[in-house]
Each structure stands twice: as structure tokens, then as C-alpha cells.
Amino acid sequence: MIDDEYKKILKKYHKLSDRHILVVETDMPYSDALKVVALSDKIRKAGNELIGLMRKNYKQLMRTKRYRKLLSLYGNTKEKSKRKDLAVQLNEMQKSYNVTWNYCRTSMIPIGKKYGIDAIFALTKAEDIWCGMEKCLYGNGKTLHFSKHGDLPCIRSKQINRGILIFVNDNKLQFKLGRTIFGIKVNDRFQTDEVDAVLEYLNDLEIIDNKAIRTLLDEAYCIDTYRPCYATLVPKLIRGKYRVYLHLTIEGKTKPKYDRSGKLRHKFGKGIIGADIGTQTVAYTSDTEVGLKNLAERGNSIQKSEKLERLYYRAMDRSRRTANPQNYNEDGTVKKSRKTWKYSNHYKKLKAKHQELCRINAVNRQLAINEDANHLRSLGDIFVTEPKNASKLMKKAKETTVNSKGKFNKKKRFGKSIKNRCPSGFQTTIEKKFKVTCGTYIEVPNNYRASQYDHTADDYIKKKLSDRMYRLTDGTLVQRDWYSSFLLYCYDYKSKKIDRDKCVSKFEKCYSKEKDLIKRIKTNKIKVLNSGIKIKIA
């Protein structure tokens, strides 16, 4: 095969193949970790300078009436030819106001030299900023945001032979950043299997690449080569000290995980799962199991942590008000003029404790979400749920309303619940889990209305949001979230509606499991938020 043709096919293979990320801690000494933190802070400052330029140009572009008019016409036009002409005009205006990738890239070159940043790191940061600008131009983004002091952006080079170099020394992976050479800490069997696969590729890369190309051409299939694509350094502040983690992007699917006895940790089930994902809870129904539990919860510690997080924040607010009385009005509101703030040592200690607690809570949330996703994947391979609506529920009410007592109703909605329980993050993790493991992820249409249907009456009956326990027309008392998950479980693939025949045939069996579930919740005194299940506390 000719070299040019070989390179083209290999490039095609790299585009088609899967990728995953291995996260391991580096073994670099603390002095080198501080150098990485300093480099990360330089990248943050350079990025903020470029964000300032792009924001200014974007605001000037959005101020023009012609651009706003073209945007509205593009959104309302359906003909392809007219949309194409409008798109050309929009692109020309973006060029005239320097809101282009070429301007973003070239502007970063002198900024990177000013801060003494390697060109590959500056280019990667410019790519990240342009991704944000594209969301503003073509998506639902509103503006670019600056990175505040203390934020540590990752140090990434999207080429394995530049920036962060990788090589093998004594059959161990070694990395080089400038003059700093460091390795990684391999702590468990999964990390060992991944590193061994990468070492095997680096030792026989030509043989494995040839095998991958032959498989792609003969069978139209991508094998797992475990080629290291590029490395990323992520510094983190943990318990008052900086630690540096390496995110190694690897070609292929992840290695399977095993427990201590050598068995697979995560088994994949078969069957359909209907799940109703709320703001704080998830209810699910499958062929073998029904469930109702709080989202992002590992044990009962998360509720205590959330309360402690609020207490720290209130203490910080009291300390800030005491040290800066000149910045507040008599009624306690913040003045609108330009202000200078003073922070006491007590405030700084509280802030450090608050940040550490937020970090721990965030890690626990992600671990709990991953555990729940793996459990649901073990129950079936077809996941049916409703579309994501967390971002809509977070918004405050626009209209001001008055209750029966003559007092104003609160405009806030589910922001705090969504922040603490991450329903959208849970749903995204579920979607990725099922798609990566050859499962099926289905979001029902908006007219499915699982929460309003009653299969005993074969009709849609509107219910109040406060009715958590609901009585069907035949007198059966069901938990509302679980019943919604049961109706999602009875999804008809052809009509994309509720299959009433399946509801009738499967209800008795699933309902008996739901009664056992509620009995277990009451016996063990498990607090399920907004479930309507009353628990007697002695």
C-alpha cells in the first residue's frame, strides 16, 4: 500500500474509532506540582485576555440591527436556498466584526508569547474559547465568562508529540512537560490493565496499526488499539494542598472492570426499563425490579453535608457583612456602586472549609450517579424516559402572583434541588452508559404524558403536582412517580404511545412489587424526598 493512501486510511480509522479517558494521579514532587499550578494560572490569565477581545467583538456584532434581523429571518425561513443565502450574509458580518476562529487563533499567538506559554497550550485554550463562542453564535449561549482567581484550567495539548510528551522507560509510562519528567501512580487492577494495553501498543505500534487498517477494510469494524492520543494535566486543590492528575485519552473502549474474586463488576441485563426522573428522585420499573430512591445519594450523609454547606455559606455572609458595612444599605441589600471588599482571616478559613466541603459533595454526587447508572444497566438494555427539563425548572417565575392571604408568592422554583441532586447530569450519564454498552436510550415525545394517564379508565386525567399518592379510577392507590415509570415501561415502539394491553397484563405483578417496595421504605425508615410516603418516627 502506498504511504499516502496508508496515512489516509489510518486517519479515517482514528476518526471512526471510540475513545475513552484514563484518570490517574502523577508522582511528581510538590515543587513540580506548584510549577504546573503556576502554568495553569498563566493559561487562565491568557484565556481571560482573549475572552475580553472576543466578548467585545461579539457585543459589537449583536448591537447591529442588520445582524439581529438576519438571525430572525434565518430562524423563520424554511427554504434551503434562502437559508443558504442568509447564512452567507451572517458569515460575512462575523468576518467584518472579527468573530471568527481565524481571528481567535491569531489573537492568541501574541497573548501566549506575552505570558510565556507554549504555543500548543495557547492554541488548545483558544479552541476552548472558540467552542464557547460557537455556542453563543449558533446555540443557546448568551455570553463568554471569565475564569476567576483560583480556578485552575487544565493543561492540554491535542498532539501526543507536542507539549506533554509520552515515552516508555523500564517498561513504565513516563511523561515530559518542559524539563519536568514524571510518571503515574497505578493503584488498582483496572488502571494496570489500561496501562499494560497502552504499553503493548507503544511496543508494537506498526503491527497493531496494520491490523486495525486490515480489519477496517475487510470487516468495516474498528478494533481497540489502545493508542495514547494525547495527555492532559489537571491540577486540583485537595485539603489545602495541590495534586496533579493526568487524563490520558486512549483509542478504543475501556477495559472491563473485575472484583476481587475475578468476576465482572458490572453486568449488563436485558429488557426494558421505564424511569421517571424528577428533580430529586428517580422511580424505575423493569422486568425484575421496581425502585424509588433519591438521586445522587450515597447513604444518609449527603443531607447532612448539604445542611453544613448552607451553614458555612451563612457564616461567610455574616463575616463579610461585618467587615464591609459600607457596602450595604440599611435594609441589608448590597449597594449598586463600585465597591472594595475586605476579607478577614476568619472569613478566609470559612471559605477554605466551604470549598473543600463542596468538592467532597461534588465527588460523592458523581460517584452515586455512576453507581445508579451501572445498577440500571444491569436491569435491562432499553431505557425509556421523558425528555430533559431541568434547565426549564431552574428558571424563576416571571409573573408576580398573590396567594389567598394577600402575600406575594415566591418566584424561585427548583434551583437548589437541581444543584444538589443533578437530575440532568444523571440522565446524561444514563444516556452515555446505555449507548456505549450497546443498549438503547429512548426519550418519549412530549405528548406521551405518563404522569396524567390512567390505564384503568383509558383516559388522561390531570393531577395536581402535590398529589404524590394517587388513587386510580378502580380504587387502587399508587405512588405517582412509580406509576409514571410503569407507564414508561409500557412503551409501544411502533405508535410511540402507551401500550394499554401491556399495562393491563403487567400491572398486578408490578403493583405487588411496588407495595413491597413501600413496605421496605417504611420499615427501614428511608426518607424519599417528595414521595408522599409517610414514615413514623419513634
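Values in this document were obtained by computation on a predicted structure and should not be read as measured data. As a basis for the values below, the full set of heavy atoms in this structure was taken, side chains included, without hydrogen atoms, waters or symmetry mates.
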Which label fits His354 and Tyr312: parallel for a plane angle under 30°, tilted from 30 to 60°, or perpendicular past 60°?
perpendicular
Run the side-chain contact (heavy atoms from CB on, under 4.5 Å) test on Asn327 and Lys335 for me, step by step, so that the C-alpha distance in whole Å, both residues' side-chain angles and the decisive distance to 0.1 Å come before the verdict.
CA-CA 6 Å; Asn327 293 338; Lys335 289 182 179 179; 5.6 Å; no
To the nearest 0.5 Å, how far apart are NZ in Lys241 and CZ in Arg239?
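Spacing of NZ (Lys241) from CZ (Arg239) equals 10.5 Å.
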Any chance you could measure Leu137, atom CG, to Tyr58, atom OH, to the nearest 0.5 Å?
6.0 Å
Kindly indicate, with the supporting measurements, whether the criterion side-chain contact (heavy atoms from CB on, under 4.5 Å) is fulfilled by Val36 and Tyr242.
CA-CA 10 Å; Val36 172; Tyr242 290 106; over 6 Å; no
Under 4.5 Å between any side-chain heavy atoms of [X] and [Y], yes or no?
| X | Y | answer |
| --- | --- | --- |
| Tyr284 | His375 | yes |
| Arg162 | Tyr230 | no |
| Lys339 | Val334 | yes |
| Met54 | Trp130 | yes |
| Val444 | Leu488 | yes |
| Gln159 | Ser157 | no |
| Met108 | Leu123 | no |

Given 3.5 Å as the limit, does a donor-acceptor pair link the side chain of Gln174 with the main chain of Val168, or not?
no
Without swapping roles, check the side chain of Thr26 against the backbone of Val244 for a donor-acceptor pair under 3.5 Å.
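It does hold such a pair.
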Would Phe190 and Lys255 count as a side-chain contact (heavy atoms from CB on, under 4.5 Å) here? Give the steps.
CA-CA 7 Å; Phe190 170 72; Lys255 289 281 185 180; 4.2 Å; yes
Pairing donors with acceptors under 3.5 angstrom, does anything connect the side chains of [X] and [Y]?
| X | Y | value |
| --- | --- | --- |
| Lys433 | Asn374 | yes |
| Glu49 | Tyr115 | yes |
| Ser319 | Ser344 | yes |
| Gln280 | Asn294 | no |

Taking the ring of Phe434 and the ring of Phe383, is the distance between their centroids below 6.0 Å?
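Yes, the ring of Phe383 comes within the 6.0 Å limit of the ring of Phe434, centre to centre.
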Could you report the tightest heavy-atom contact between [X] and [Y], atom names first, then the distance?
| X | Y | value |
| --- | --- | --- |
| Gly178 | Lys176 | O-CE, 3.1 Å |
| Arg55 | Leu144 | NH1-O, 3.0 Å |
| Asp372 | Lys293 | OD2-NZ, 3.1 Å |
| Leu50 | Ser107 | CD1-CB, 3.8 Å |
| Asn446 | Pro387 | OD1-CG, 3.7 Å |
| Ile160 | Pro228 | CG1-O, 3.9 Å |

Show every donor-acceptor pair shorter than 3.5 Å between a side-chain atom in residues 15-22 and any protein atom, with sequence neighbours excluded, or say none if there are none.
from, atom 1, to, atom 2, distance (Å)
Ser17, OG, Tyr13, O, 3.3
Ser17, OG, His14, O, 3.2
Ser17, OG, Glu251, OE2, 3.1
His20, ND1, Gly252, O, 2.6
His20, NE2, Glu194, OE1, 2.8
His20, NE2, Glu194, OE2, 3.4

Apply the test side-chain contact (heavy atoms from CB on, under 4.5 Å) to residues Tyr347 and Thr322: give CA-CA distance (whole Å), side-chain angles for both, the deciding distance (0.1 Å), then the verdict.
CA-CA 10 Å; Tyr347 176 87; Thr322 304; over 6 Å; no
Mark yes when over 12 heavy atoms from residues, nucleotides or ligands other than Lys388 sit less than 6.0 Å from its NZ; otherwise mark no.
yes
Does Asn102, at its CG atom, have more than 12 non-hydrogen atoms belonging to other residues, nucleotides or ligands within less than 6.0 Å?
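Yes, CG of Asn102 has more than 12 neighbouring heavy atoms, counting only those of other groups under 6.0 Å.
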Would you call Arg359 and Glu356 a salt bridge, using N to O less than 4.0 angstrom?
yes
Worked verdict on Tyr441 versus Gln427 for side chain to side chain donor-acceptor pair (under 3.5 Å):
CA-CA 10 Å; Tyr441 175 85; Gln427 197 162 343; 3.1 Å; yes
Test salt bridge (Lys or Arg N to Asp or Glu O under 4.0 Å) applied to Arg321 and Asp317, step by step
CA-CA 6 Å; Arg321 286 174 180 273; Asp317 186 57; 3.0 Å; yes
My understanding is that only one of Arg365, Arg421, Lys416, Lys419 makes a salt bridge (charged side-chain N to carboxylate O under 4.0 Å, His left out) with Glu306; could you say which?
Arg421
